[in-house]
Amino acid sequence: MNLIFLGPPGSGKGTQAKLLSERLGMLHLSTGDILREAVREGTPLGREAKRYMDEGKLVPDEVVIGIVKEWLLSKGVERGVIFDGFPRTVAQAEALDRMMKELGQKIDWVIDIDVSEAEVLKRLSGRRTCKNCGAMYHLVFNPPRVEGICDKCGGELYQRDDDKEETIKSRLKVYKEQTEPLKDYYKKLGIMKSIVGEGGIEEIQKEILKVIGVKVTNA
Ligand code: AMP
């Protein structure tokens, strides 16, 4: 099974995708994580991507499509993939369809996680990320045990540059203009499932399992 998680920044798609991939033993592809790692390492890709990311803009399609193609070829798709943060434009969706076809695969479901703009702003401005392992916290909803320190690995927590208020607003605008048209694209294919993304993490995960028709005993 291959899934796409769609939703505005801060909808919780990263958290849900990670949890579901662990639960179902699937691979998790987050283009945002790959790009952030390239930025941390200061590679040519990272240097190019940073210019766009810091302004809340999308990295050009051909760059991101290239990353995904390489990733799919190196990891394989036999275990099933959860695409998180990709595709983000219709051109990326079309490229993904072609890549999956070449691999003899298809996208089974697109999960659209719906949250209001006010909720996104509240969530992202309080979000803190571990510099070392990427674990995510929230100052109010999910604070670490010790302020500024990751519970899981002891790494330092920081606020992503693109989680600052001005950049969040531009990311939301970009989402509306460039990513929301994907909803129609996948509706037409009959594989869109929308869920409300406001509630507890486990509650939303159960809803996702329900809409994709998976029964698990530990959920
Ligand atoms: P995310 O962690 O998914 O919110 O991604 C953070 C940033 O990385 C985005 O605001 C974009 O600048 C860039 N990015 C991630 N995925 C994509 C994509 N599929 N297409 C273009 N840019 C992307």
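One-based numbering, in listed order, for ligands and for the atoms of each.
- A 4.5 Å side-chain heavy-atom check between L27 and S21 finds every atom pair outside the cut-off.
- Protein heavy atom closest to atom 22 (N) of ligand 1, with residue, atom name and distance, is V59 N, 3.0 Å.
- Residues D112 and I195 have side chains not in contact (no heavy-atom distance under 4.5 Å, counting atoms from C-beta outward).
- Between E117 and K176 there is a salt bridge, with a side-chain nitrogen of the basic residue lying less than 4.0 Å from a carboxylate oxygen of the acidic one.
- Contact annotation for V64 and ligand 1: only side-chain heavy atoms (C-beta onward) come within less than 4.0 Å of the ligand.
- Looking at R160 against ligand 1, only its side chain comes within 4.0 Å, counting heavy atoms.
- Residue R36 has at least one nitrogen or oxygen atom sitting less than 3.5 Å from a nitrogen or oxygen atom of ligand 1, judged on distance alone.
- Residue-to-ligand polar distances keep L35 apart from ligand 1: every N/O pair is separated by 3.5 Å or more.
- Listed by atom number, the atoms of ligand 1 under 4.0 Å from T31 heavy atoms are 15 (C), 16 (N), 17 (C), 19 (N).
- More than 12 heavy atoms of other residues, nucleotides or ligands shown are found within 6.0 angstrom of CD on E41.
- With respect to K206 and E203, no salt bridge is recorded, no charged nitrogen being found less than 4.0 Å from a carboxylate O.
- Heavy-atom distances between K13 and ligand 1 stay at or above 4.0 Å for every pair.
- Side-chain contact between V211 and W109: absent, with no pair of heavy atoms (C-beta onward) separated by less than 4.5 Å.
- When only interatomic distances are considered, the shortest N/O to N/O separation between Y52 and ligand 1 does not fall below 3.5 Å.
- Here the side chains of L19 and E202 are in contact, with some heavy-atom distance below 4.5 Å.
- Proximity of L58 to ligand 1, defined as any heavy-atom pair under 4.0 Å, is shared by backbone and side chain alike.
- Close contacts of ligand 1 with R171, meaning ligand atoms under 4.0 Å from a residue heavy atom, involve 4 (O), 10 (O).
- Taking the side chain as every heavy atom from C-beta outward, T15 and I204 never approach each other to under 4.5 Å.
- The protein heavy atom nearest to atom 8 (O) of ligand 1 is M53 CE, 3.5 Å.
- The contact set between ligand 1 and Q92, taken as ligand atoms under 4.0 Å from a residue heavy atom, comprises 18 (C), 19 (N), 20 (N), 21 (C).
- For ligand 1, the atoms closer than 4.0 angstrom to any heavy atom of K57 are 11 (C), 12 (O).
- Residue contacts with ligand 1, taken as heavy atom pairs separated by less than 4.0 Å, involve D162 solely via side-chain atoms from C-beta onward.
- Remark: ligand 1 and P87 share no N or O pair separated by less than 3.5 Å (distance only, no angle test).
- Under 4.0 Å is where a charged nitrogen must lie from a carboxylate oxygen, and between D33 and K18 no such pair does.
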